[in-house]
Peer 1: 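Sharing a structure here in structure tokens format.
Please read all numbers here as calculations on a predicted model, not as lab measurements.
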Amino acid sequence: LLVIVLYVALAAVIHSAIPVGQLAQSGTAAGDAVRILAGPWAETFLAVLVLVATSSSINANMLASSRVYFSMGRDGFLSEKLGRVHPVWRSPHVAILAHVGWATCLLFAYRAIEGLIGSQ
């Protein structure tokens, strides 16, 4: 419910700050709205905030998704090498590297992150 309220509030602020004709032309509607309402420093702050949020999301996704490879390797559904645990750090290092490798292959195959997230 909170996410819905925040999303609708953000959309309302953006629509009140930018006319509809300009909104269709904008590549970064939230950034343009923040710049109009609070100045260029706020646009920079928003960009940094999005960068931090995206980085933390990628980190969580990488760690959680690699655990799937780890479990499948441990249970015998994939190579048992994926089920190995690092002797010092006790992390599923092979599974993490496999996930990063697969993500890199997908990125090179689509040539842009937009192709992976379906915004093209």
Peer 1: If two hydrophobic side chains count as joined below 4.5 Å and joins carry through other members, does Leu82 share a cluster with Val100?
Peer 2: no
Peer 1: Is a donor on one side and an acceptor on the other found under 3.5 Å between the side chain of His93 and the backbone of His86?
Peer 2: yes
Peer 1: Run the side chain to side chain donor-acceptor pair (under 3.5 Å) test against Ser26 and tell me which residues pass, sequence neighbours left out.
Peer 2: Asp32
Peer 1: Going by the rule ring pair (Phe, Tyr, Trp, His ring centres under 6.0 Å), which residues pair with Trp41 if we only count those two or more places apart in sequence or in a different chain?
Peer 2: none
Peer 1: Which atom pairs, one a donor and one an acceptor, fall under 3.5 Å between side chains of residues 57-69 and the rest of the protein, sequence neighbours left out?
Peer 2:
residue : atom : partner : partner atom : Å
Asn61   : OD1  : Ser65   : OG           : 2.7
Ser65   : OG   : Asn61   : O            : 2.9
Ser66   : OG   : Met62   : O            : 3.1
Ser66   : OG   : Leu63   : O            : 3.0
Tyr69   : OH   : His99   : ND1          : 3.4

Peer 1: Of all the heavy-atom pairs spanning Val34 and Ala42, show the shortest one and how long it is.
Peer 2: CG1-CB, 3.2 Å
Peer 1: With side-chain contact (heavy atoms from CB on, under 4.5 Å) as the test, pick out the partner of Thr54 among Val52, Leu51, Val50.
Peer 2: Val50
Peer 1: Test: salt bridge (charged side-chain N to carboxylate O under 4.0 Å, His left out). Region: residues 97-106. Which pairs qualify, not counting sequence neighbours?
Peer 2: none
Peer 1: Are Trp102 and Phe77 linked, directly or through other ILVMFWY residues, by side chains that come within less than 4.5 angstrom of each other?
Peer 2: yes
Peer 1: Any salt bridge (charged side-chain N to carboxylate O under 4.0 Å, His left out) pairs touching residues 89-108, not counting sequence neighbours?
Peer 2: none
Peer 1: Quick check on Arg35: does its CZ atom have over 12 non-hydrogen neighbours (other residues, nucleotides or ligands) under 6.0 Å away?
Peer 2: yes
Peer 1: Anything under 3.5 Å between a donor and an acceptor, one on a side chain of residues 9-18, the other on a protein residue two or more places apart or in another chain? List them.
Peer 2:
residue : atom : partner : partner atom : Å
Ser16   : OG   : Ala12   : O            : 3.3
Ser16   : OG   : Val13   : O            : 2.8

Peer 1: Going by heavy atoms in the side chains, are Phe70 and Val85 under 4.5 Å from each other?
Peer 2: yes
Peer 1: Surrounding CD1 of Ile4 (heavy atoms of other residues, nucleotides or ligands, distance under 6.0 Å), is the total greater than 12?
Peer 2: no
Peer 1: Give, for atom OG1 of Thr28 and atom CG of Leu46, the distance between the pair rounded to the nearest 0.5 Å.
Peer 2: 9.0 Å
